[in-house]
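Proteins come first, then strands; the chains are lettered A, B, ... in the order of their sequence lines, and each starts at number 1.
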Amino acid sequence: MDQLLDELNPQQRDAVEATDGPVLVVAGAGSGKTKVITSRIMHLIQKGVSPYQILAMTFTNKAAQEMKSRVERVVGRDARDLTISTFHSFCALFLRREIAHLDRDSSFVIYDTSDQTTCLKRVIRSMDLEEKHYPAQKMRGKISYIKNTGDMEGRLSNEIEHNIYRAYQEELLAQNAMDFDDLLHLTCQILENFGEVQERYRRRFEFIMVDEYQDTNQIQSKLINLLLGEHRNLCVVGDEDQSIYGWRGADITNILHFDTHYPGTRVFKLEQNYRSTQPILDYANAVINQNKLRKPKKLWTDQETGLPVRIRDEYSGGIEAENIIQEIMGLRRRHDLEFSDFAVLFRSNALSRMLEENCRKYRVPFQLIGGLKFYDRKEIKDILSFMRIVVNPRDWTSFARAIGVPPRGIGAKSQDKLYTYFNSGLDIGEVMARAIEDKAFGGRGYKGLVAFEALYRNLVAWSKEYKPSVWLGKLVKALDYKDYLERLDDVGIESRIDNLEELLTSMEEQEKQGIETLSQFMDFSALVNDQDDVDPDQPRVNLMTVHAAKGLEFDTVFVMGLEDGVFPNQRTLDDNPNSLEEERRLFYVAVTRAKRRLYLSYARSRQTYGKVNRNIKSRFLKQPIVNPDQEPARSTGRPRTSGRWGSLDDQVGKMEAKLSALGAKADFSNVVNGGGGQDSSGTVSLQSGDIVEHASFGVGTVSLVMGRGSSQRVSVHFRDKRIRTFIAEKANLKKLGDS
DNA sequence: ATCAGTACGTTTTTT
DNA sequence: ACGTACTGAT
């Protein structure tokens, strides 16, 4: 028991021991956040709290699983009674039990993004609207946003859009379906309106914890409030500097104003970083310092030595990608690293193509996280649509898909006819039986319908008899699905069949974890995300967006595409000028993923939409380091040979040399703080370029001066190529002269 | 109903 | 550049 607390630093320990009342843990990147949450759970259990009464909310299944297994390792079987889950999984489970309160059936299906779009498309079409004026995807985004924020007027621009929204909800209801956002809404609705239910859950969850609190939106914070009993034992953990989901309704003020919303809140700040070296943290601090919407916080580490952050100016996106892959190969060889120690991060998925190509070219194994998602692939969606109609015989969206797999001669016309039956309140099985009875249409379609109806009855029967994986095998066989895939496709047959196998494997895996029904499996498949795919056991280079990288760490991180308009993303900026800070937080998240090496790069030209665009270096690279006109360490124009990755510290030195050659006064101190400030401390007056001597490290050059006063830090580039960062006041550096 | 050929818009991020 | 979504022919 004591050992548990001994492994924590003082701030962490305080946070763990503060079990009663509202608690806010501000946990900087890499500060041992997960450790604090899991230790807190164990601490509660050791104090005699029943695991049954503990609820922990996370954003990804991966985080939930990780926490659960960490706790399990220490407390053993007791961990089974814990509720550690994502918001969405929690709500799905809740609704399966409680949705009868809303007079709905517990066999509802959960629609993912593309199901929503399909459904919206049909709605818009049936309203006889010009689809060009009301693109289903845009509407989907708007609807989701207003569901998450409650900001109805802010997003829906006119009466017609309101009507679409209403018709969409009606359609979902008719299909006994709900989208991701409804999971939260309906849960809140039940808790709000049925005091008995609320009381039951409040009594049960005596201790509530929320991870990644900076990314909660309005509805999530509402849910927490509804679940929170009078004990107010709520502990939220997060970091406003890592809030990157504003675009989907996350409300950073939830964390910034937590202490005013919950009077009596105790706040604990975790600033010691256990992940990265000091030069990386210095850089990260300098980046995030530019933001206004935050409370002061500064990460530090006792790993003071480390390699400098490196930056590279490239001629084109293709060369950028090639150099990254080559650098990875070189580093791996020289430093005995695994491919899985590397990650390449980018702002948007479209940037990954060049990387993929170069990985193939150099035979570097890679793993692309995101992009087209497993559960979004045709073959997987096909199969899932069958599962869904078996579980929920009102799911018209899935029915419309399944009936064309493989084609059965039932096209749009015949489907319309069937839909009129459906509209009169029948479920799918009844619709088909009636249509057959009435001979609603003839010829090929009729034969197809008879066959499909028989298959459907079989599928329903099998679902009661067999476990999901066996059921799946029978379905694939009955459809002759593999054969269908082969006829369908001239490319990608193999990968499609592979995916099918993977689905089966995943299903068997889930069965081992205790899943028994198709319905449970579908909830799982709807609610997993891409991060859940990251597989550290496979030695592959990880390629992903910065968003997908949140919460992960890698020995060496490359952040590419650092051009203005790309990162920060221009569309985001156009949408909402305030989002520059969110873009910067995104950059901050990117750089804080790195443990030991951080490489940044940008390309002067890049192909998008098949067109070549010229870009300039990202303002994120300019701001924190030196003045905006700074040239990169190496001039470009000569692809491939544009040399090595220059270090930021090198650049400062070179820049200064250049300026002094011109007779200009070189002074880069305080630039990181926005410049202009005088060093008021008076104890040390170092600036970039000064030659200094340190008692144990020897002679070196000052490469960066940051901050002022007692918190001022100085980076020194020593002769033996090591970089160390010192607290200026304490370092005892002897100035030997200017450069 | 299905296929082949073509026109078009897409790409910011995702539970 | 690429996938989709539409058009007209079978």
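- Contact annotation: side chain of A/R347 to base of B/dT13, donor-acceptor pair present below 3.5 Å.
- Distance, A/Y145 OH to B/dT13 P: 18 Å, rounded to whole Å.
- With centres under 5.5 Å and a plane angle under 30°, the ring of A/W247 is stacked against the base of B/dT13.
- Using a cutoff of 4.0 Å between basic side-chain nitrogens and carboxylate oxygens, A/K147 and A/D179 are scored as salt-bridged.
- A straight line from CG of A/L223 to P of B/dT15 spans 18 Å, rounded to a whole angstrom.
- Put simply, CD1 on A/I244 is 13 Å from P on B/dT13, counting in whole angstrom units.
- For A/R584 and A/F587, the positive end is not near the middle of the six-membered ring at less than 6.0 Å and at most 45° from its axis.
- Distance, A/L552 CG to B/dT14 C1': 15 Å, rounded to whole Å.
- For A/T572, no side-chain nitrogen or oxygen approaches OP1 or OP2 of B/dT13 to under 4.0 Å.
- Using P as the reference atom, C/dC6 and B/dT11 are 16 Å apart when rounded to the nearest Å.
- The phosphate of B/dT12 has neither OP1 nor OP2 within less than 4.0 Å of any side-chain N or O from A/N349.
- For A/Y213, the ring-ring contact (aromatic ring centres under 6.0 Å, His included) partners are A/F258, not counting sequence neighbours.
- Considering only residues two or more places apart in sequence or on other chains, A/Q520 meets the side-chain contact (heavy atoms from CB on, under 4.5 Å) condition with A/I515, A/E516, A/T517.
- Relative orientation of the A/F452 and A/F386 rings is tilted, given thresholds of 30° and 60° on the angle between their planes.
- If you measure from atom CD1 of A/I110 to atom C1' of B/dT14, you get 16 Å, rounded to the nearest angstrom.
- A/Q570 has its CD atom 12 Å from the C1' atom of B/dT12, to the nearest Å.
- Ion pairing between a basic and an acidic side chain is recognised when a charged N comes within 4.0 Å of a carboxylate O; A/E356 and A/R360 show such pairing.
- Residues A/K381 and A/D115 are paired through a salt bridge, judged by an N-O separation under 4.0 Å between the basic side chain and the carboxylate.
- Take the nearest nucleotide of DNA chain B for A/F180 and for A/I410: the residue whose nucleotide is more 5' is A/I410.
- Read 5' to 3', the first and last nucleotides of DNA chain C with an atom closer than 4.0 Å to a heavy atom of chain A are C/dA1 to C/dA5.
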Distances under 3.5 Å between protein N/O atoms and the N/O atoms of nucleotides 8-11 of chain B, please, pair by pair.
| from | atom 1 | to | atom 2 | distance (Å) |
| --- | --- | --- | --- | --- |
| B/dT11 | O3' | A/R571 | NE | 3.4 |

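- At whole-Å resolution of the value, CG in A/N148 and P in B/dT14 are 15 Å apart.
- Legend: residues meeting side-chain contact (heavy atoms from CB on, under 4.5 Å) with A/T83, ordered by chain and number and at least two apart, are A/L55, A/F90, A/R204, A/F205.
- Residues A/F94 and A/Y201 bring their aromatic ring centres within 6.0 Å.
- At a threshold of 4.0 angstrom between heavy atoms, the contacts of A/K121 are confined to the sugar-phosphate backbone, with no base atom among them.
- Every residue meeting the side-chain contact (heavy atoms from CB on, under 4.5 Å) condition with A/Q189, not counting sequence neighbours, appears here in chain and number order: A/L102, A/L186, A/N193.
- Protein atom CZ of A/R606 is 15 Å distant from nucleotide atom C1' of B/dT12, rounded to whole Å.
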